[in-house]
Amino acid sequence: MALPVATIIGLVPWGTVLENAPAMAKKAREVFDAARGNGAAAPVVVDQEPEAALIELRGELERVQAETVALAEVVAEMAAASQTLTEKTARQQRLIYALSAIATTSLACALFALFAG
């Protein structure tokens, strides 16, 4: 027997859910970061000399910019592949319609020849 949605919602201990939500969100973020392979973002070290920190940040900026360019190239390749796939699918549909028309015409001709002759 199916339970009404209102009954199911009433069974959830909302106080406990809301109480544990921040800890669950933090753990979920840790799991997602670990799954991504880069872990949590490394905090910027403040006790360095400003010039050293600036050099480090510039290096990080260059790395991120290079990754951005690489990702843009991948996105462009994926867009081109998607366009090619769309064109090939449309071409295949036109071919199927043409073959269907040929088969229908051939069947009609064969039936005409069978019953006319």
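Remark: Lys26 engages Glu30 in a side-chain contact (heavy atoms from CB on, under 4.5 Å) (not counting sequence neighbours). Arg63 pairs by the salt bridge (Lys or Arg N to Asp or Glu O under 4.0 Å) definition with Glu60, Glu67, not counting sequence neighbours.
In this structure, the separation between SG on Cys109 and CD1 on Ile102 is 11.5 Å, given to the nearest 0.5 Å.
In this structure a side-chain-to-backbone donor-acceptor pair under 3.5 Å is present from Thr86 to Ser82.
Hydrophobic cluster membership is shared by Leu107 and Phe115, with clusters built from Ile, Leu, Val, Met, Phe, Trp and Tyr side chains linked at under 4.5 angstrom.
For the side-chain hydrogen bond (donor to acceptor under 3.5 Å, both in side chains) condition, the pairs that include at least one residue of residues 87-99, sequence neighbours left out, are Gln83-Glu87.
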